[in-house]
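Written below as structure tokens is the structure these notes are about.
Naming convention: chains lettered A, B, ... in sequence-line order (proteins, then strands); numbering from 1 in each chain.
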Number of protein chains: 2
Amino acid sequence: MGIRKRLAMNVRRLRKERGLSQEALGHEADVDRTYVSGIERCVRNPTIDIVERIAKALEVDEADLFRRI
Amino acid sequence: MGIRKRLAMNVRRLRKERGLSQEALGHEADVDRTYVSGIERCVRNPTIDIVERIAKALEVDEADLFRRI
DNA sequence: TTGTGACTTGGAGTCCGTG
DNA sequence: ACACGGACTCCAAGTCACA
């Protein structure tokens, strides 16, 4: 499984666990809602600075976003 | 500590543990040696596709590149 | 062997909308 | 609430010469 897929699954899972919409997460992380959607669908190739902001918004360590479940 | 710094430290540490030069790692990961240098100096903001290639070259999990030591 | 500045080009990231 | 698309800006990708 590629790194995009892993990130996608972890972001979607953690986001839902927190009861957040893509738009709400986008607002917390200060990224566009369509971009969150793109990450979860593996069509985007985000930079690590974006990953950092999403991790902070989800209150997890950056490494957790790349864990294989 | 920011995500760039963490990535930088882990890449440099793991690279040295394997006795690789920046150029050798660059060759394995198919990225320019100056780009590896830029990552280790936190001046680059790489995408996750680049991180994936470097993790593969270092034979570690992607998450390991973001671990805090 | 590594650091660094400069450069071009493609894609990261935003904003508008739709079903 | 989400997938998807178009148009846009600007930075990352990728490379080079030189210290």
Side-chain angles (χ1 to χ4, degrees):
Chain A
M1 186 197 311
I3 191 171
R4 291 196 197 187
K5 185 66 179 172
R6 282 212 230 167
L7 178 67
M9 290 176 61
N10 284 314
V11 167
R12 179 158 285 184
R13 178 178 50 81
L14 292 162
R15 176 176 66 78
K16 298 224 171 199
E17 282 177 15
R18 280 147 185 74
L20 294 171
S21 65
Q22 290 177 348
E23 183 158 16
L25 173 58
H27 186 259
E28 289 299 316
D30 196 30
V31 301
D32 197 80
R33 63 175 174 84
T34 64
Y35 202 74
V36 175
S37 171
I39 289 173
E40 293 189 357
R41 286 178 292 119
C42 302
V43 297
R44 291 291 190 168
N45 178 27
T47 62
I48 62 173
D49 283 3
I50 295 284
V51 170
E52 180 173 41
R53 280 145 61 182
I54 292 176
K56 206 157 284 183
L58 290 171
E59 297 178 309
V60 292
D61 203 82
E62 292 96 347
D64 293 330
L65 295 182
F66 296 107
R67 274 222 179 83
R68 49 181 108 221
I69 310 298
Chain B
M1 184 198 314
I3 193 172
R4 290 197 200 186
K5 185 66 178 172
R6 280 212 229 166
L7 177 67
M9 290 175 61
N10 283 315
V11 168
R12 181 158 284 181
R13 179 179 50 80
L14 291 163
R15 176 177 65 80
K16 298 223 172 201
E17 281 177 14
R18 281 147 185 72
L20 294 171
S21 65
Q22 290 178 349
E23 183 158 16
L25 173 57
H27 185 261
E28 290 299 317
D30 195 31
V31 301
D32 197 81
R33 68 162 188 86
T34 64
Y35 200 81
V36 175
S37 172
I39 289 174
E40 293 189 357
R41 286 178 294 116
C42 303
V43 299
R44 294 284 192 167
N45 178 27
T47 62
I48 62 174
D49 283 3
I50 297 281
V51 170
E52 180 172 41
R53 278 144 63 182
I54 292 177
K56 207 156 284 184
L58 290 171
E59 297 178 309
V60 292
D61 203 83
E62 293 96 346
D64 293 330
L65 296 181
F66 296 107
R67 289 247 158 67
R68 48 180 110 219
I69 312 299

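Each of A:Lys5, A:Arg12, A:Lys16 was evaluated against A:Glu40; a single residue qualifies, A:Arg12, per the salt bridge (Lys or Arg N to Asp or Glu O under 4.0 Å) test.
The 5' end of DNA chain C is approached more closely, in terms of each residue's nearest nucleotide, by B:Gly38 than by the other of A:Asp49 and B:Gly38.
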Please list every donor-acceptor pair under 3.5 Å in which a side-chain atom of residues 27-35 of chain A meets a protein atom from a residue at least two apart or in another chain.
{"from": "A:Asp32", "atom 1": "OD2", "to": "A:Thr34", "atom 2": "N", "distance (Å)": "3.0"}
{"from": "A:Asp32", "atom 1": "OD2", "to": "A:Thr34", "atom 2": "OG1", "distance (Å)": "2.6"}

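Summarising the geometry, the separation between CZ on B:Arg41 and P on C:dT1 is reported as 17 Å, rounded to the nearest angstrom. Rounded to an integer number of Å, the gap from CG of A:Asn45 to P of C:dG13 is 8 Å. Here the P atom of nucleotide C:dG13 and the CD atom of A:Glu40 are 16 Å apart, to the nearest Å. Whole-Å rounding puts the A:Arg4 CZ to C:dG11 P distance at 10 Å.
Taking CD1 of B:Ile48 as the start and CD1 of A:Ile39 as the end, the distance is 7.5 Å to the nearest 0.5 Å. The distance from the CG atom of B:Asn45 to the CG atom of B:Leu7 is 10.0 Å, given to the nearest 0.5 Å.
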For this session: Walk me through it: do A:Val36 and A:Glu23 pass the test side-chain contact (heavy atoms from CB on, under 4.5 Å)?
Result: CA-CA 8 Å; A:Val36 175; A:Glu23 183 158 16; over 6 Å; no
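Under the side-chain hydrogen bond (donor to acceptor under 3.5 Å, both in side chains) criterion, A:Glu59 pairs with no residue, sequence neighbours left out. Applying the salt bridge (charged side-chain N to carboxylate O under 4.0 Å, His left out) test to B:Arg6 and every residue at least two apart in sequence or in another chain returns A:Asp61, A:Glu62.
In terms of phosphate contacts, B:Ser37 brings no side-chain nitrogen or oxygen within less than 4.0 Å of OP1 or OP2 of C:dT2.
Judged by distance alone, with hydrogens and angles left aside, the side-chain atoms of B:Arg15 form no donor-acceptor pair with the main-chain N or O of B:Val11 at under 3.5 Å. Here the side chain of A:Arg18 pairs a donor or acceptor atom with the backbone of A:Leu14 at under 3.5 angstrom.
The stretch residues 12-26 of chain A comes close to DNA chain D through A:Arg12, A:Arg15, A:Ser21, A:Gln22, each having a heavy atom under 4.0 Å from the strand.
Summarising the geometry of B:Ile3 relative to A:Val51, their closest heavy-atom pair is CD1-CG1, 4.2 Å, with the distance given to 0.1 Å.
Distances from the side chain of B:Thr47 to the nucleotides D:dC4, C:dT4, C:dA12 place C:dA12 closest.
Axis orientation changes by 50° from one end of the helix from C:dT2-D:dA19 to C:dG19-D:dC2 to the other, with each end axis drawn from 5 pairs and the value rounded to 10°.
Taking hydrophobic clusters as Ile, Leu, Val, Met, Phe, Trp and Tyr residues chained together by side-chain heavy-atom distances below 4.5 Å, A:Phe66 does not share a cluster with B:Met9.
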Problem set entry | Under 4.0 Å protein heavy-atom contact, by nucleotide of nucleotides 14-19 of chain C - B base, S sugar-phosphate only | BBBB--
